[in-house]
Amino acid sequence: MKFKVFAATALMAALSAPALAQELKVGSQNMPPFLDPGRDHSNVGQQFYVNTFDVLIDRDAAKADADFRPGLATEWKRIDPTTMELKLRQGVTFHNGDPLTADDVVFSLNRLFQPTFAPYAVRSRDRFGNFKGAEKVDDFTVRIQTHRPEPLWETLLNTQQLMIIPAKYTKALTGDPNVAEDSDFEAFSLAPVGTGPYRISEYVPGERLTWERFDSYWDKKAPLEKVSMIRIPEMASRITALKSGAVDFITNIPPDQIATIESDQNLKVEGAVTPLFHLIIYNTQHELMKNPKFRQALNLAVDRETLNEALWLGKGVVPTSHTFPQFGELYMPEPVIFKYDVDEAKKLLAESGYNGEEIRLDTSATYYTNGFLAMQAVSEMWNGIGVKTRINVDDKWTGGDPTMNVRNWSNPMYFADPFGGFGVMWAPGGPAESEGRIKTDAAFAETFDKFRFSEKVEDRKAAYAALMERTRQDPPFLVLYQPYESWAMRKNVNWRPLPGHIAYVLDFRNGAIGID
């Protein structure tokens with residue numbers, strides 16, 4: 001496959017050219033190395049999919065509560081406790097000109113429900129283990145079967161990972177055009193095609209992406225003719241590009257830069273508390289970290305309110321438990337799972353058998369806004385109760401490294417249910433256990449099963465509370481806060497983060513953005 005790569009002179013010329021009324025130029029802190037909604041669940045990647053792809057069951061992104069509505073499926077009904085039937089929208093066209101049919105939907109769903117490609121298997125295990133498969137009834141009717149009655153049908157069918165991709169196009173990318181091969185999925189991630197309001201006209205992995213309006217889109221047309229995104233990793237450089245007019249919009253603005261940007265009469269900042277936790281994770285299987293009392297002491301020694309004030313100017317949210325307001329009836333802020341108590345921390349530290357060993361704190365220099373600064377502050381707090389620490393800056397992911405002791409991470413709300421936050425990350429066999437950081441037992445698995453599959457909300461809620469109590473007694477992590485993330489833009493750009501989206505989504509669809 002061939003990909004167009006611009007020379008540096010052409011790139012700088014594109015950035016310095018004046019913006020058209022219907023063109024937006026964006027400076028992004030990070031750009032993904034691939035684009036495939038089924039494979040991805042990164043903070044960086046999930047910014048990009050909503051403009052290019054559609055889901056079967058949509059939701060109103062302007063509302064925090066789940067308000068489901070037709071997407072590529074016009075209607076759906078449960079045939080029996082383990083079967084749902086969906087009627088597909090007719091007249092939908094992929095960006096390459098192929099018409100959408102049930103074959104594409106079955107292909108898209110089964111790549112996650114019955115995965116053969118290793119990255120899909122990971123996402124399937126995280127989210128879709130209860131789904132048996134999808135089958136075609138006719139050209140515009142699909143049935144989906146689960147192993148057990150599914151309490152989260154609409155919620156899970158709305159997820160990014162189940163966005164629809166073209167079957168014929170994907171299978172023809174490499175090898176046998178009639179067979180889906182791993183190399184096809186790798187190729188698709190570099191040349192993605194969807195049914196959304198913008199088609200990707202150019203993509204240089206990790207560097208640059210260009211969207212163009214897709215005039216054959218089945219719903220309301222995109223408001224912009226073109227969106228050009230370029231990676232500008234340094235914050236100062238992003239702000240300079242915005243002030244100079246090289247770009248119209250930039251991402252990842254820390255709170256201490258808001259006043260500086262807003263002092264420019266041509267610029268403004270939009271921000272929101274993000275549906276994502278910054279947290280600290282522990283390798284509970286490492287010899288130094290095995291004692292739960294030691295990890296309890298570390299949790300109690302972190303003054304999270306001070307971190308919020310110092311790093312987020314008090315704009316973040318410091319929760320007492322692992323829960324988001326978007327969970328609706330399952331929102332549960334009452335349990336005090338995380339608190340600050342230095343005296344209790346010192347007592348538990350003395351009981352833990354800690355002998356002054358050095359604890360390694362892994363962090364990335366730039367991936368998380370204020371992430372490195374937070375780890376420096378946490379290190380000082382732990383030093384204050386007598387724990388010796390060393391910060392290790394490593395942009396590589398070390399969560400599966402058996403020598404890792406502690407690392408900062410994020411736990412997004414991947415969808416508006418506790419299973420989409422706590423559940424995806426900390427399930428038996430989920431990412432934390434599969435990478436070797438935790439080891440669950442039969443009691444945990446039994447409680448998790450009740451949390452995941454109970455039909456009654458009160459039963460799920462009780463199981464959820466029990467799981468959070470387990471994380472207090474034997475902590476695999478510490479939730480620090482929900483960060484207050486900001487985006488800066490020229491004053492003629494009308495955009496703000498919508499409460500119904502998962503973290504960091506850059507929604508440029510009709511109704512989400514306008515340029516005066």
Side-chain angles (χ1 to χ4, degrees), residues 11-12 14-15 24-35 40-51 200 203-211 227-262 264 267-278 311-313 315-316 363-376 393-397 408-412 480-490 493 495-497 501-508 513:
L11 182 59
M12 292 309 297
L15 280 177
L24 186 75
K25 296 179 181 179
V26 180
S28 178
Q29 177 173 287
N30 293 295
M31 291 287 291
F34 62 84
L35 286 172
D40 201 352
H41 81 159
S42 67
N43 295 343
V44 173
Q46 64 194 25
Q47 298 178 91
F48 296 94
Y49 296 110
V50 74
N51 297 313
I200 295 174
Y203 174 50
V204 180
E207 295 182 22
R208 182 179 175 88
L209 177 147
T210 302
W211 280 298
V227 180
S228 301
M229 297 195 62
I230 184 170
R231 181 172 183 253
I232 308 177
E234 297 82 14
M235 177 186 62
S237 298
R238 288 197 303 281
I239 294 175
T240 298
L242 181 65
K243 284 180 170 289
S244 69
V247 298
D248 310 299
F249 183 110
I250 58 175
T251 70
N252 299 85
I253 302 301
D256 63 359
Q257 296 298 312
I258 292 175
T260 299
I261 293 170
E262 290 185 333
D264 187 324
L267 307 178
K268 64 180 178 180
V269 176
E270 296 284 357
V273 175
T274 306
L276 163 146
F277 290 131
H278 283 187
L311 300 177
W312 304 99
L313 305 182
K315 294 175 178 287
T363 185
S364 167
T366 60
Y367 189 85
Y368 302 110
T369 307
N370 285 333
F372 178 68
L373 294 175
M375 288 301 276
Q376 286 182 311
V393 180
D394 192 341
D395 286 336
K396 297 194 308 292
W397 173 242
N408 63 333
W409 200 21
S410 68
N411 191 172
L480 295 175
Y481 37 65
Q482 281 184 256
Y484 184 92
E485 294 283 4
S486 297
W487 296 257
M489 62 208 77
R490 304 194 68 76
V493 177
W495 181 93
R496 60 184 176 84
H501 281 313
I502 57 177
Y504 301 111
V505 168
L506 292 173
D507 188 346
F508 299 140
I513 190 170

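- The shortest side-chain heavy-atom distance between Phe34 and Asp40 falls under the 4.5 Å cut-off.
- Here the closest heavy-atom approach between residue Asn370 and residue Pro255 is recorded as ND2-CD, 4.1 Å.
- For Tyr504, the ring pair (Phe, Tyr, Trp, His ring centres under 6.0 Å) criterion is met by no residue, not counting sequence neighbours.
- To the nearest 0.5 Å, atoms CD1 (Ile261) and CD1 (Ile239) are separated by 4.0 Å.
- For Gly27 against Ile232, the heavy-atom pair with the smallest separation is CA-CD1, 3.9 Å.
- Residues forming a ring pair (Phe, Tyr, Trp, His ring centres under 6.0 Å) with Phe48 (at least two apart in sequence, or on another chain): none.
- A pairwise comparison of heavy atoms in Lys25 and Ala246 identifies CD-O, 3.8 Å as the closest pair.
- With values rounded to the nearest 0.5 angstrom, Thr210 atom OG1 is found 9.5 Å from Ile200 atom CD1.
- Between Gln482 and Thr274, the closest side-chain pair of non-hydrogen atoms is not below 4.5 Å.
- To the nearest 0.5 Å, atoms OG1 (Thr260) and NZ (Lys243) are separated by 7.5 Å.
- Two residues are said to be in side-chain contact when any heavy atoms from C-beta on lie closer than 4.5 Å; Leu313 and Tyr484 fail this criterion.
- Across Pro233 and Arg238, no two heavy atoms sit closer than the pair O-NH1, 2.9 Å.
- Atom OG1 in Thr251 sits 6.0 Å away from atom CD in Gln29 (nearest 0.5 Å).
- Counting heavy atoms from C-beta on, the side chains of Trp397 and Trp409 come closer than 4.5 Å.
- Counting heavy atoms from C-beta on, the side chains of Leu276 and Glu485 never come closer than 4.5 Å.
- Partner Tyr367 forms a side-chain contact (heavy atoms from CB on, under 4.5 Å) with one of Asn43, Asn252, Asp395 and no other, that one being Asn43.
- In terms of heavy atoms, Pro275 sits closest to His501 at CG-O, 3.7 Å.
- The structure places NZ of Lys268 at 14.0 Å from CD1 of Ile258, a figure rounded to the nearest 0.5 Å.
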Task: Full working for side-chain contact (heavy atoms from CB on, under 4.5 Å) between Ile250 and Met489 - done: CA-CA 6 Å; Ile250 58 175; Met489 62 208 77; over 6 Å; no

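- Checked against side chain to side chain contact (heavy atoms under 4.5 Å, CB included), Asp256 has the following partners two or more places apart in sequence or in another chain: Pro254.
- The side-chain heavy atoms of Leu267 and Arg490, taken from C-beta on, include a pair separated by under 4.5 Å.
- A side-chain contact (heavy atoms from CB on, under 4.5 Å) with Leu311 is found for exactly one of Leu373, Leu480, Thr369, namely Leu373.
- Closest heavy-atom contact between Leu35 and Tyr49: CA-OH, 3.4 Å.
- The shortest distance between side-chain heavy atoms of His278 and Asn408 does not fall below 4.5 Å.
- Atom CG in Leu242 sits 10.0 Å away from atom CZ in Phe249 (nearest 0.5 Å).
- For the pair Pro497/Trp495, a side-chain contact is recorded, criterion being any heavy-atom separation below 4.5 Å from C-beta on.
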